[in-house]
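These numbers were taken from a predicted model, which means no experiment stands behind them.
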Amino acid sequence: MRRYLVVDSSVLIFYDRRGALEDFLRQKKKENYTVVIPKAIALEVVDEAKEFAEEIKQVAPAAANRILASVERISAAVAQGLIQVVTVNYGKYSKVMDNVRKHLSRLDAASEYAVKKGDPELVALVIQLYDEVKEKVFVATLDKGLLKALKPFIKDVEYEIMKTWALIAINLDVTLKIGILD
Amino acid sequence: MVEKTVEILRAIGNLNKARIIAHLAKHRGETAESIGKHLGYPLPTVYKYLRELEAVNAVESEARGNTRVYFAGEFKLEVSPQKLMEAFEEQTMMELYKARFGAEGVEKLRKVAAKAKAGKMTFRQAAASLGITYFEFVSLLDEVGALDA
């Protein structure tokens, strides 16, 4: 039975900094999880990280090299199929993403246009995958704020704390969720 | 990785441990008893050394029946004055952040990180409010131990 595990950037960075990313991903594969990330998250951990490394390489070459090495490892994990990058269907889930942006901008008293794509795309991806398989979708993140942002969009939340990160098993009732923040 | 260089140096920076690796490079798949006998080390010492060397993958082991046999790990250590300098003088992400944003920036980071850690904003919101990338923000949180439960 295919189980989706949507992994946030925070988890990828956490494990990679410990030299344990590949082990983590292979372990999840062994446990029959398909590890997925939305495109916005792939951009964060690859393109944005590369840009940051470029920015600092004159003043901190060793740090820049470490970041580029991390980018290479994550890119290799994608190339090897250990992480699948999934495009969120904006046409179908734009309403969900708008609602997530509104919700987050209220928390931060900031413009919803300032909300970065990663959060709404992650939430939309969870719903998109549930629509596809109609089974629990798992989410791994170290970001409590993101877990709270997910809550209004899901009916039941079961928290399973695994070591240092929270793994949520989500049963979704999609129709109910989209209506909540209108 | 320079962190790996320091880790391996720390683990093998002892002549007896280096001898164990050299011995295993020549005699693959030996038990701890056999290593101790060949090199003249007490068995508890051999086990201690093997544990420390395995932790940095300088040595690997596998179970064979009721016993465990050891092999030299696949590692390459580049030791030069330049590499040692890089290993010990690399800047942390926090030092880099402070150099760019000053003490005021560090204070702002502290407040924003506390809010993010408490779940009052997402990490992405926190990074955006500081004008830094998500990658940098999470790395900073990790450096200060704010990502551990």
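With a threshold of 4.5 angstrom between heavy atoms, A/Glu51 does not approach chain B through any atom at all. Interface remark: B/Ala118 contributes backbone atoms only to the contact with chain A (heavy atom separation under 4.5 Å).
There is a path of hydrophobic side-chain contacts, each under 4.5 Å, that joins B/Phe101 to A/Ile67. A/Leu12 and A/Tyr33 fall within a single hydrophobic cluster, where Ile, Leu, Val, Met, Phe, Trp and Tyr side chains are chained together by heavy-atom contacts under 4.5 Å. Under a hydrophobic-cluster definition in which Ile, Leu, Val, Met, Phe, Trp and Tyr are linked whenever side-chain heavy atoms come within less than 4.5 Å, directly or via other members, B/Leu53 and B/Leu15 are assigned to different clusters. Follow the hydrophobic side-chain contacts under 4.5 Å out from A/Val7 and you reach A/Val78 in the same cluster. Residues B/Ile132 and A/Leu68 do not share a hydrophobic cluster, defined by chaining ILVMFWY side chains whose heavy atoms lie under 4.5 Å apart.
Distance CD1/A/Ile13 to CG/B/Leu141: 10.0 Å, rounded to 0.5 Å. To the nearest 0.5 angstrom, A/Asp119 atom CG is 10.5 Å from B/Met121 atom CE.
Within a 6.0 Å radius of CD in B/Glu104, other residues, nucleotides and ligands contribute 12 heavy atoms or fewer.
Considering every non-hydrogen atom in both A/Leu146 and B/Thr122, the closest pair reads N-CG2, 3.7 Å. Closest approach of B/Ser139 and A/Arg17 over heavy atoms only: CB-NH1, 3.6 Å. Of all non-hydrogen atoms in A/Leu142 and B/Phe123, the two that sit nearest each other are O-CZ, 3.5 Å. Nearest approach of A/Ala60 to B/Leu96, heavy atoms of both residues: CB-CD1, 3.4 Å.
Using a 4.5 Å heavy-atom threshold, the side chains of A/Glu55 and B/Glu136 count as separate. Residues B/Tyr134 and A/Ser10 form a side-chain contact, since some pair of their non-hydrogen atoms from C-beta on lies under 4.5 Å apart. Side-chain atoms of A/Phe14 and B/Asp142, non-hydrogen and from C-beta on, do get closer than 4.5 Å to each other.
Scanning residues 34-44 of chain A against chain B with a 4.5 Å non-hydrogen threshold yields A/Ile41, A/Glu44, sorted by number.
Applying the side chain to side chain donor-acceptor pair (under 3.5 Å) rule to B/Arg19 yields no partners; only residues at least two apart in sequence or on another chain are considered. A/Glu72 pairs by the side chain to side chain contact (heavy atoms under 4.5 Å, CB included) definition with nothing, not counting sequence neighbours. Looking at residues two or more places apart in sequence or on another chain, you find no side chain to side chain contact (heavy atoms under 4.5 Å, CB included) involving A/Lys144.
Salt-bridge formation is not detected for the pair A/Glu121/B/Arg124: no Lys NZ or Arg NE/NH1/NH2 atom is positioned less than 4.0 Å from an Asp or Glu carboxylate oxygen.
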